[in-house]
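Letters go in sequence order (proteins before strands), and every chain restarts at 1. Every value quoted in this text rests on a predicted model; they were computed, and no experiment measured them.
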Amino acid sequence: MIVLWRVTTHCNLACGFCAYDRRLGGKRQQIDPAEVERFAALLDAYRRRRGDRLLLSWLGGEPLRWRPLWPLAHLLQERYGIRQSVTTNGSSLHRAEVREAVLRHFDELTVSVDDMGERHEQLRGWQGGWARLSDSLRALAEARRQQAAPLKLRANVVLMHDNLPRFAELCEALAEWGVDEITFNALGGQDRPEFYPAHRLLPEDVMRLRGQLPVLRERLAAQGVRLCGSAAYLGRLAASAGAQSSPVGDCAPGEGFLFIDEVGRVSPCSFTGADYGVPLEAIRTVEALEQLGEGYRAMQQRQRSAACSDCRANHVYGKFEA
Amino acid sequence: MAAVDVETRLARWREAWPKALACWSRYTRLHDPRLCDSRLEAAAQGLSGSFAMIRLFDQSVVIDLETVAKLQLDDCALEILAHEIGHHVLAPATVTDQFRLLARMRRALPTLEAQAPLMANLFTDLYINDRLQRRAGLRMDEIYRRLARHAAAQGQPQGDVWTLYMGIYESLWQLPRGSLGGPTEDATLLGDAWLGARLVRVYADDWLHAAGRFATLLLPYLVAEREGKSVLGFLHDTRLAAEHADPRGGLEVEPEEVEGSLHPSEDPGITGAARLPVEAAPQAPQASGQLREPYEYGEILKASGIQLSDHEIAVRYYRERALPDLVPFPVRRRRAAPEPLPEGLEPWEAGDPLDELDWLQTLLQSPIVVPGVTTVRRVQGEQPGRELERVPVDLDVYVDSSGSMPNPQQRVSYLTLAGAIVALSALRSGSRVQVTLWSGKNQVTRTDGFVRDEDGILSALTGFYGGGTCFPLHCLRETFARRGAGERPVHLLMISDDGITTLFDNDEQGHAGWDIVAMALAKGRAGGTMALNVPLNWQQSRWSEPLLRAQAQQDWLIQPVPRMEELLDFAREFSRRHYQNDREVTSP
Ligand SMILES: C[S@@+](CC[C@H](N)C(=O)[O-])C[C@H]1O[C@@H](n2cnc3c(N)ncnc32)[C@H](O)[C@@H]1O
Ligand code: SF4
């Protein structure tokens, strides 16, 4: 089971494509850590009962700036041995103690990098960010080597029409920083409808990417770096670029994957919190956790969410496969 | 709850006491609590604002039953008494730990130091209540529910500090959100309440370690709130915890105090991170291992409930600071002991060794014994021809307190400290000491002649004028004009700067200072030293002329001390040479 938990919607950066851009108004939320602590105990019991593996992945906003994160990460690791990962903009990785904590507590770290140098900085409203990321990631990779820590270092790139020409160059830079794996996803339109039209991937962009990918993948593999994205995943990208919807037959909701948001809605993916979300407070036993899948299916049948008619859930499409 | 009469109420509380003790351990012993049935009676005990208080000095517990009844806590006798006992046995438990706690709290509450006592109180309450609720099965939560109800009935608004604090209890005891008045919606408060509870759990066995972290967690709320009187006041039962206690310790800045002002979310003990040097860490205002300034020391003492004036605190401060530098008490050398030769009687004063008091002679002087007034001791002379036993040399020390000198009650004054080291060392060796603190004309404080009374000496030394510079020649003149030839020799010590040259001006009667000094030295028979805060090459200064002459003609030993801190080296060396009992030096 992979549990992706968006614990906060606070963020320190200003990415024009993202819903959590610090410049945007509106209410910011964060989860009550006591609820995370409680739910983690359930997840652990669930894992034991099922003999399953469990990965808890922290998401935001910027999760590494959420104060209870490290205390929780430590507690969940000490108490239950829960494997954890995080997706971060990397802005706090320049602190040695943060890198140290990452190595101690996480199995994986995904850092978001979208373009080369100043372009990345402009995209994210982060002056000096490129050099900081470069130094931080190199230092993290080096510390990992010294400590023989098992951390997997991943970078995720949001692909847009504008940054695609430099994707190969960016991958090379990331490889040089010491990243093990590179994933990508297409710029989505829901978060910032005003940004999307001018920057979205076009069908010919996806075609070019498809053509490029095998060579690039090979080149990176020679450096020990894995470039992810299955054929099905690229198919999904092409469909989105061509504005075709991609309904899915059976996504096995609530089976191997759960998404929990900052207000405690538990749903089968990040797009269906409002439609299928079960409040955390309602899940108090392992049985209730086990019955989530059935409940989601029933909801899918009774009142299908619009999101299911055009599924964009990465875990369904093999974003992490090669 | 139905109103109960005073006797029934008192009986119930008395009955609860042994049970409350047993909540901690079967072996806990404290004398019975003072149960005051009126607020007036409680106030006479020093209890006000809260419904209970403790005093560590006499291990007392005082309860104001009238306020208890007003808050509808009548049936919480066991909980309240067990809580007060907790302050005696768990936290703070000792006066020293109360100082350490307050020092840490103050450090973590910059600009809001005044809140440190209450925050320290709330903090120790967490530990006490958590134990009583979880291990002894008491209903500590009920007290908070009632207090919240009372506050609501009074229309007192509930601030965020209280909400957060209640949230910590709710989190610790896994009570429903908001059930004690903790946060229900505010995600930041919920997160911080959880962190507060983690803090208490992680440092369950080391509460002092968590103190600065707790204060750091609360700081932003305190800053935002700055609320006036609130329900929190009812909980302030350690306000006078250290009242009447003799302050020991508290002088040194502990490393933990400096490093402990840490948000719990950044605490390696809670995050599991290794402690790494924090890049660009803000400069600590005072490094660890250092000694505090008198002002801060005083603030900590006062925050603990010690009711002393700044001057009295300064006396304690300089005594504590001087202690490590004093010469050891003399050890009697057996072989060298001369045959005692009774020589007569002299007054026995408070501070003199008790075994020197001659009771028979004292009672012969006056049947009513007044220590220091009618008490006498026998003075023993020596048989000639035997190995020399040192004759104590009295010390007449003049300390400059003019505007060029720091106020010893605020910042550490090396003049005062040096004076304390020398004077207290002199006392240890059996000498008597006269201290004269001086500044401008008529600005003089002095001991009551040559005395052996530590407090009197330190009190004179820690005074402050900060005025002009005019050496009190009349004091020197009177001291030595009176002194008989048979009295002990006296060494003169001046601690000053170039202002000492006023020693050689004329006195108010027109006598030349020069002659007065000569007379004093002649009668003193033990020489004079000047420790002066002047450059090493002071001889080249334009004011050096009278000093050069004094050195040449009157045999003054002039010791330049360019940096004030170096006065300590001077004081140690001076004390060793004059008062350490391993040589036969009687004058420099
Ligand atoms: C919302 S962020 C949160 C974690 C962290 N702040 C970060 O930037 O990595 C999670 C991921 O979503 C990506 N992302 C943000 N807005 C997006 C959008 N409109 N379309 C696609 N991906 C987006 C980010 O680049 C990041 O990799
Ligand atoms: S993408 Fe990440 S860093 Fe950028 S605004 Fe969104 S949450 Fe923040």
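Neither the backbone nor the side chain of A:Ala73 comes within less than 4.5 Å of any heavy atom of chain B. When heavy atoms are compared at a cutoff of 4.5 Å, A:Glu35 approaches chain B solely by way of its side chain, counted from C-beta outward. Proximity to chain B (any heavy atom under 4.5 Å) is shown, for A:Glu78, by neither the backbone nor the side chain. With a 4.5 Å cut-off on non-hydrogen atoms, A:His105 touches chain B through its side chain but not through its backbone. Residue A:Leu72 touches chain B through both its backbone and its side chain, counting heavy-atom pairs closer than 4.5 Å. Of the two parts of B:Glu266, only the side chain, counted from C-beta on, holds a non-hydrogen atom closer than 4.5 Å to a non-hydrogen atom of chain A. Heavy atoms of B:Leu195 lying under 4.5 Å from chain A belong exclusively to its side chain.
The distance between the ring centers of A:Trp66 and A:Tyr20 does not fall below 6.0 angstrom. Aromatic pair A:Trp177/A:Trp130: ring centres closer than 6.0 Å.
Interface summary for chain A: among B:Arg198, B:Gln174, B:Arg177, B:His263, the most heavy-atom pairs under 4.5 angstrom belong to B:His263.
One finds a salt bridge joining A:Arg79 and A:Glu37 here, because a Lys/Arg side-chain nitrogen approaches an Asp/Glu carboxylate oxygen to under 4.0 Å.
The shortest side-chain heavy-atom distance between B:Leu262 and B:Thr216 does not fall under the 4.5 Å cut-off.
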| task | Could you please spell out the steps behind the salt bridge (charged side-chain N to carboxylate O under 4.0 Å, His left out) verdict for B:Arg107 and B:Glu113? | result | CA-CA 8 Å; B:Arg107 181 64 64 119; B:Glu113 288 89 351; over 6 Å; no
| Can B:Phe123 and B:Leu218 be said to form a side chain to side chain contact (heavy atoms under 4.5 Å, CB included), step by step? | CA-CA 10 Å; B:Phe123 172 68; B:Leu218 262 72; over 6 Å; no
